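Small disclaimer: the values here were computed from a predicted structure and weren't measured. Order of the sequence lines sets the chain letters (A, B, ...), proteins ahead of strands, with each chain counted from 1. No hydrogens, no waters, no symmetry mates; every other heavy atom, side chains included, goes into these values.
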Number of protein chains: 2
Amino acid sequence: MAHTRPLTATLSEQALEALQADIVEGALQPGEKLREPELAARYGISRGPLREAIRRLEARKLIISAPNTGARVVSLSATQLLELYDMREALEGMTCRLAAVNASDAELAALTTLLDQHESELTETDGRNYFRQEGDLDFHFRIARCSGNELLADILCVDHYHLLRLYRYKFSTSPGRPARALFEHRRILDALRERDGELAEILMRKHIRSARENLKRQIGQQLTTEQ
Amino acid sequence: MAHTRPLTATLSEQALEALQADIVEGALQPGEKLREPELAARYGISRGPLREAIRRLEARKLIISAPNTGARVVSLSATQLLELYDMREALEGMTCRLAAVNASDAELAALTTLLDQHESELTETDGRNYFRQEGDLDFHFRIARCSGNELLADILCVDHYHLLRLYRYKFSTSPGRPARALFEHRRILDALRERDGELAEILMRKHIRSARENLKRQIGQQLTTEQ
DNA sequence: AGTCGTCAAATTGTTGACACAATGGACGAG
DNA sequence: CTCGTCCATTGTGTCAACAATTTGACGACT
């Protein structure tokens, strides 16, 4: 009989999760210096595992560090944030194209359910926070996962997803945006159901580009202009 | 007066470079177990910095590791290798589109020179190893670098480039392929010079897709079918 | 007053030792 | 002969101490 194994086997993984949560949830602010002795004490571990966690979060682009001067929480410039959207347009366009071919009927049905669920929440909250959906509740996340391409899915859902999470909600969504986004999601799903990969890709790219334009308009002095 | 500073400030970085070279150049074979005491002795360092180097190479997908069971050199299945090409199609298509807008005239001129150089080498070596160009000599690498999008360029030229290097040359290029590739490169550059981002993206994607198809045809029993 | 050099404190880089888990082979039961 | 168990060995996870570098403050000099 198997023991119920802990969620994280090693202290390094626990530190990874804790540190990532602290960064994404804002307990550690963008640009903040990460002092190893302080953090190690905070998580009740030694510096060894902590340093490994820092290296892994560097891979997820949540931390930047230089030799001898230590690590800091990432702080994207406006330019860098827009770059992130160009990357998403390219990668999510491709996952969408692939999903049109590779998604199972069951997965597409589940996506329909998800969007219905989003619609309820949209009307309930008066169209306020449609974008707050995370992980499995995130339409984009789910599409990547059923693209059939593990590499793309991992890059989007593991490597860069948390950076997106960190910045996605720093900007107030303009009034009509959530409803508009839901509409675009439905059109994308329509294309997926019709198994039209080319159209699905075009629609997803347009969708992300319009989110990018929306963001661009809102970028004022909220962001540091230089990294 | 500044000391001539060493290329790598820390042992961890030296280990990163050494280990990466050993993996890409085949001194460490795909799938091979990486024993920390052995490697630490090999590079003349202790396990601490070595473990950090391993974590960083995990980010570059050259190493995979699981808790308590250690690390191994990555060994891509045929499926995973094809997935890599889908990722490239998406990302390089985008860098190409952006480069059409953002590349300077000087950069485009340098790319022309590069392709001329490739042509000489192609005729000199009887069309054998056009694809062996690496780093700054790699057409794709250079385009990413002049896309103006640092994030995309880093993902392609740092994060995933070495994985591509590792696998690019495991397959014999079919007879006419190098000449064909050079021809496609020239058409892409034409589009860049005309500042036609849409066409440049289309051509780059077609180019990578045909490389993918070429690869697919050659995949026999050389690759493990399961990871 | 401002700039530069020096020194002390804090922080990062590295090491070797210890604790724990996994691997592999010998041994014995079936 | 096959399978499972036990134990020794090997390797990974973690820690605390040491070494080297950076940072900031203080004071001397222009």
TODO: Could you check A:His140 against A:Ile208 for side chain to side chain contact (heavy atoms under 4.5 Å, CB included), going step by step and ending with a plain yes or no?
DONE: CA-CA 10 Å; A:His140 296 258; A:Ile208 293 176; 4.2 Å; yes
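- If you take CG of A:Leu50 and P of D:dG13, they are 16 Å apart, rounded to a whole angstrom.
- Taken to the nearest 0.5 Å, the OG atom of A:Ser75 stands 9.0 Å off from the CG atom of A:Leu166.
- With B:Phe139 as the aromatic partner, B:Arg142 does not meet the cation-pi criteria of under 6.0 angstrom to the ring centre and within 45 degrees of the ring axis.
- Going from atom CG of B:Leu16 over to atom P of C:dT14 covers 12 Å, rounded to whole Å.
- Results of the side-chain contact (heavy atoms from CB on, under 4.5 Å) test with A:Asp138 over A:Arg165, A:Arg168, A:Arg145 single out A:Arg168 as the only residue that passes.
- Note: A:His207 and A:His185 meet the aromatic proximity criterion, with ring centroids under 6.0 Å apart.
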- [ ] Evaluate the criterion salt bridge (Lys or Arg N to Asp or Glu O under 4.0 Å) for residue pair B:Arg55 and B:Glu58; output intermediate values, then yes/no.
- [x] CA-CA 5 Å; B:Arg55 294 291 163 265; B:Glu58 239 180 301; 3.0 Å; yes
For nucleotides 11-13 of chain C, tabulate all protein N/O to nucleotide N/O atom pairs closer than 3.5 Å, reporting atom names and distance.
unit_1 : atom_1 : unit_2  : atom_2 : d
C:dT11 : OP1    : A:Arg35 : NE     : 3.3
C:dT12 : OP1    : A:Lys33 : NZ     : 3.3
C:dT12 : OP1    : A:Leu34 : O      : 3.2
C:dT12 : OP2    : A:Glu36 : N      : 3.1
C:dG13 : OP1    : A:Asn68 : N      : 2.9
C:dG13 : OP2    : A:Arg51 : NH1    : 2.7
C:dG13 : OP2    : A:Arg51 : NH2    : 3.1
C:dG13 : N7     : A:Arg47 : NH2    : 2.7
C:dG13 : O6     : A:Arg47 : NH1    : 2.9

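- Taking atom CD of residue B:Glu58 and atom C1' of nucleotide D:dT12, one finds them 14 Å apart after rounding to whole Å.
- Rounded to an integer number of Å, the gap from B:Ile54 CD1 to D:dT12 C1' is 10 Å.
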